[in-house]
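Because the structure is a prediction, the values reported are computed rather than measured.
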Amino acid sequence: MGKKVRVADMVKEFQLEVICGEEGLKRPITTADLYRPGLEMAGYYEFHPHDRVQILGKTELTFFEGLTPEFRTERMNWLCAPQETPCIIISRGFEAPIELLHAANEHQVAVLRTHMATTILASRLTNFLENRLAPSTTIHGVLVDVYGIGMLISGSSGIGKSETALELVKRGHRLIADDAVEIRQTADHTLIGNAPELIRYLLEIRGIGIINVMTLFGAGAVRTAKKISVVCKLENWQQDKQYDRLGLDEETTRIIDTDIPLVTVPVRPGRNLAVIIEVAAMNYRLKRMGYNAALQFTNKLTESLNDDMDDLE
């Protein structure tokens, strides 16, 4: 999916000080992994991930100060030379070595500084980059938080997704996105959905138009993002199609690289879709807690049939 973050985006997010190499602020960051080049400061060059953000903390800089001037120049030139290196960040507000400034200006690599501790900086940078570089896609549908469960309502245009979402909001649940749902996949294969900024908190109801859910129902009726747990697919009732009546057949659908439980709900006049989706959310919660009503019913039915067979014998 090839997403990129510019060094300038990271500088703006964390208010980093740009010491030199402003030309390098346009360089892309393509991986969320970070690197502390301690071994490289010692002269080991066999393996070095050039494409990662390089962090120089107290350990690296203290060791570097003990090197001879010749080695100091050589190793900073080596660190700044690769074109893939996004930038170099100095933590704890330490002074940048003069050899680093010369090499960075020569190779147009941005040298940044922060007063954050190295471990805190690494943690925050990793979270930021994983979020921004996560694989993503946009799906036509509605995302609603129902009893704490992220329910992605999908289906063909005009089938009633937005109207169902409106009824759910009236029943006390929360809207995340209508019409277009932006989904990103985190490192642990969790899907997080949110609305595009342009249509955030908006809901389109045919015959009425666009309404602002937060304005009409209050801030408690919306949220900006939610983990997607279940996909609820609405489809027109087909008379000749056999629908699952017990709930033993657990379907899944794949979004990006993650399989998500799928519930298919046939739509026809008289069915209360909002209530059905509420029940689907509660049933999903019970399954996560280890209770499966369909499986329990099947086991009881099997036991009853076995008892009847024993009586006949």
Side-chain angles (χ1 to χ4, degrees), residues 1 127 130-157 159-205 211-214 217-235 247 250-265 267 272-293:
M1 299 182 179
N127 290 337
E130 283 184 348
N131 180 52
R132 294 289 297 271
L133 295 172
S136 63
T137 186
T138 300
I139 288 181
H140 176 65
V142 179
L143 181 58
V144 188
D145 179 353
V146 181
Y147 297 125
I149 304 298
M151 304 290 289
L152 177 61
I153 306 173
S154 66
S156 58
S157 181
I159 200 167
K161 298 185 296 296
S162 298
E163 291 79 0
T164 302
L166 179 60
E167 178 64 24
L168 287 168
V169 169
K170 288 183 63 180
R171 297 172 69 91
H173 306 292
R174 293 185 285 181
L175 174 73
I176 293 93
D178 176 51
D179 191 49
V181 182
E182 292 180 343
I183 302 174
R184 67 180 186 276
Q185 177 182 272
T186 62
D188 59 350
H189 284 260
T190 297
L191 298 178
I192 306 297
N194 62 271
E197 187 174 355
L198 182 64
I199 60 174
R200 187 171 296 165
Y201 311 142
L202 301 181
L203 192 63
E204 179 194 356
I205 304 297
I211 63 173
N212 190 309
V213 173
M214 186 171 67
F217 299 96
V222 296
R223 62 180 301 170
T224 56
K226 179 65 182 175
K227 172 187 173 182
I228 300 174
S229 299
V230 180
V231 175
C232 191
K233 180 183 178 183
L234 305 183
E235 66 174 31
E250 296 187 354
E251 295 182 274
T252 61
T253 184
R254 171 155 290 203
I255 300 177
I256 308 179
D257 294 322
T258 303
D259 290 326
I260 295 290
L262 172 67
V263 177
T264 301
V265 178
V267 177
N272 192 326
L273 299 179
V275 172
I276 293 174
I277 291 176
E278 282 184 331
V279 171
M282 289 187 288
N283 193 47
Y284 174 78
R285 290 183 62 183
L286 283 175
K287 286 182 178 180
R288 287 199 309 177
M289 296 167 63
Y291 178 81
N292 189 320

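- Residues L262 and T252 are not in side-chain contact: their nearest non-hydrogen atoms beyond the backbone lie 4.5 Å or more apart.
- The two residues E167 and A274 come nearest to each other via the heavy atoms CG-CB, 3.3 Å.
- Two residues are said to be in side-chain contact when any heavy atoms from C-beta on lie closer than 4.5 Å; R184 and N131 meet this criterion.
- In plain terms, the two heavy atoms of I176 and A195 that are nearest each other are O-CB, 3.4 Å.
- No side-chain heavy atom of I260 sits under 4.5 Å from any side-chain heavy atom of L152.
- Side-chain atoms of D178 come within 3.5 Å of backbone N or O of E204 as a donor-acceptor pair.
- Counting only heavy atoms from C-beta outward, the side chains of I211 and L166 approach each other to under 4.5 Å.
- In terms of heavy-atom proximity, A180 sits nearest to T138 at CB-CG2, 4.1 Å.
- Taking a cutoff of 4.0 Å between a charged side-chain nitrogen and a carboxylate oxygen, E251 and K233 do not qualify as a salt bridge.
- Listed by first and then second residue, the ring-ring contact (aromatic ring centres under 6.0 Å, His included) pairs involving residues 180-205 amount to none (not counting sequence neighbours).
- For P261, the side-chain contact (heavy atoms from CB on, under 4.5 Å) partners are Y284, not counting sequence neighbours.
- The only option from I153, I149, V263 that meets the side-chain contact (heavy atoms from CB on, under 4.5 Å) definition with I277 turns out to be I153.
- The two residues I139 and I183 make their nearest non-hydrogen contact at CD1-CD1, 3.6 Å.
- Rounding to the nearest 0.5 angstrom, the gap separating the CD1 atom in I199 from the CD atom in E182 is 8.0 Å.
- Here R288 pairs with nothing under the salt bridge (Lys or Arg N to Asp or Glu O under 4.0 Å) rule; sequence neighbours left out.
- E163 meets the salt bridge (Lys or Arg N to Asp or Glu O under 4.0 Å) test with no other residue; sequence neighbours excluded.
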Let me have the donor-acceptor pairs involving side chains of residues 221-232, under 3.5 Å, with sequence neighbours excluded, atom names and distances please.
residue	atom	partner	partner atom	Å
R223	NE	A225	O	2.9
R223	NH1	D145	OD2	3.0
K226	NZ	G148	O	2.8

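- Summarising the geometry, atom CD belonging to E235 is positioned 9.0 Å from atom OG belonging to S156; distances are rounded to the nearest 0.5 Å.
- Across every non-hydrogen atom of V265 and L273, the tightest pair is CG1-CD2, 3.9 Å.
- When the shell of 6.0 Å around CZ of R285 is examined, it contains 12 or fewer heavy atoms from other residues, nucleotides or ligands.
- In this structure, L191 CG and Q185 CD are separated by 6.0 Å, a value rounded to the nearest 0.5 Å.
- Residues L286 and M282 form no side-chain contact, since every pair of their non-hydrogen atoms from C-beta on lies 4.5 Å or further apart.
- S136 approaches I256 most closely through the heavy-atom pair CA-CD1, 3.9 Å.
- Counting heavy atoms from C-beta on, the side chains of T164 and V142 never come closer than 4.5 Å.
- Separating the OG atom in S162 from the CG atom in L202 is a distance of 11.0 Å, to the nearest 0.5 Å.
- Within the structure, the ring-ring contact (aromatic ring centres under 6.0 Å, His included) test picks out the following pairs touching residues 131-155 (sequence neighbours left out): Y147-H173.
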